[in-house]
Amino acid sequence: MSLTVCTWNINSVRIRLPIVREVVERLKPDVLCLQETKCQDDKFPLNAIRDMGFEHIALNGQKGWHGVATFSRHPFVDIGRGEFCGKGDARHVSVTLGPEAGLGKPVTVHNFYVPAGGDVPDPELNPKFAHKLSFLDEVTAWPTLRADAADPDRHAVVVGDLNIAPLETDVWSHRQLLTVVSHTPVEVEKLGAFQASGPWVDVMRDMVPPAEKLFTWWSYRSPDPTVNDRGRRLDHVWASRSLAPRARAMTVLKEARSWQKPSDHVPVALTFG
DNA sequence: ATGGCTGATGAAATCAGA
């Protein structure tokens with residue numbers, strides 16, 4: 001028995017429905033977590049998702065921007081939606097699957113979309129950056145997440161677009177990105193505190209050694225993002241300590257960045273067995 | 001050398017992404 005969890009910032013679920021199908025055929029996820037769905041719940045293309053084999057769907061969307069969604073082949077025993085910084089943003093949804101999903105115990109999958117943080121890496125000058133830092137502080141202290149990580153009767157996973165590339169090899173140029181939002185020391189420190197609050201294991205980096213470059217995002221502004229490979233690892237899969245040793249395989253579907261009408265992020269799939 | 005692009009909204013230009 002195994003469980004494959006996939007995370008993908010899709011940058012509009014409606015405009016990219018055709019390649020959702022392609023991603024599902026290639027990665028065969030049991031659980032698919034999307035961010036930046038940009039779709040209110042009552043306009044979500046539920047039937048198309050069900051046709052791909054996901055009978056169980058948990059939404060937390062809003063009009064125009066943000067929004068997360070989690071699809072599953074296995075039923076949910078629980079669904080949760082966190083709200084942070086009192087802004088009413090749709091940036092989190094969690095689902096819990098029973099032991100029959102394949103891991104022997106229930107597993108809770110938290111799907112996050114962390115604020116991007118704007119341009120200027122100074123919380124005094126840039127409210128978006130201040131929001132990003134506050135969001136990280138709140139999720140680090142969130143009792144629900146800490147309880148899930150510590151529960152001996154359950155596995156837990158955190159996935160999503162965390163919008164921070166923590167390691168030097170998570171960006172195309174550590175030196176040049178030190179002052180660019182997504183790789184600044186203050187963000188990396190807060191992401192580290194968030195990770196330590198579980199503690200959560202960065203299973204992508206268990207699968208690909210930290211010495212190797214590993215990216216999940218390439219800017220739309222490059223004419224051909226594959227040419228210079230100026231990417232960043234903004235998307236993450238973390239597992240609770242009981243589950244992390246059971247990571248069996250990972251796929252970063254880099255080729256999806258070159259498909260027609262791509263997202264600027266590519267899907268990441270992790271199989272636990 | 002990051003921003004030259006992309007998407008949502010709403011019907012043109014602006015905001016946001018990161």
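Every chain is numbered from 1, with letters handed out A, B, ... down the list of sequences.
With both ends at atom C1', the span from B/dA16 to B/dG3 equals 14 Å, rounded to whole Å. Distance check on atom P: B/dG4 versus B/dC15 gives 16 Å, rounded to whole Å. Taking the P atoms as reference points, B/dT14 lies 15 Å from B/dG10, given to the whole Å. Atom C1' of B/dA18 sits at a distance of 15 Å from the matching atom of B/dA1, rounded to the whole Å.
Aromatic ring centres of A/Trp142 and A/His92 lie closer together than 6.0 Å.
Between A/Asp89 and A/Arg91, at least one side-chain N (NZ, or NE/NH1/NH2) sits under 4.0 Å from a carboxylate O, which counts as a salt bridge.
One atom, CZ of A/Arg230, and another, C1' of B/dG4, lie 13 Å apart when rounded to the nearest Å. The CH2 atom of A/Trp218 sits 17 Å away from the C1' atom of B/dT6 (whole-angstrom rounding). Rounded to an integer number of Å, the gap from A/Asp224 CG to B/dC5 P is 14 Å.
For the OP1/OP2 pair of B/dA1 and a distance below 4.0 Å, the side-chain nitrogens and oxygens of A/Gln176 include no atom meeting the criterion.
Within the 4.0 angstrom heavy-atom criterion, base atoms lie near A/Ser222.
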Summarise how protein sits on nucleotides 8-18 of chain B as a single string, 5' to 3': B when a protein heavy atom is under 4.0 Å from the base, S for sugar-phosphate-only contact, - for no contact. SSS-----SBB
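A donor atom on one side chain and an acceptor atom on the other are not found under 3.5 Å apart for A/Ser219 and A/Arg230. Residues A/Arg205 and A/Thr169 bring a donor and an acceptor atom of their side chains to less than 3.5 Å of each other. Side-chain contact, A/His74 with A/His56: no donor N or O sits under 3.5 Å from an acceptor N or O.
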Return all side-chain donor-acceptor pairs below 3.5 angstrom for residues 17-24 of chain A, not counting sequence neighbours, or 'none' if the list is empty.
from    : atom 1 : to      : atom 2 : distance (Å)
A/Glu22 : OE2    : A/Arg26 : NE     : 3.1
A/Glu22 : OE2    : A/Arg26 : NH2    : 3.2

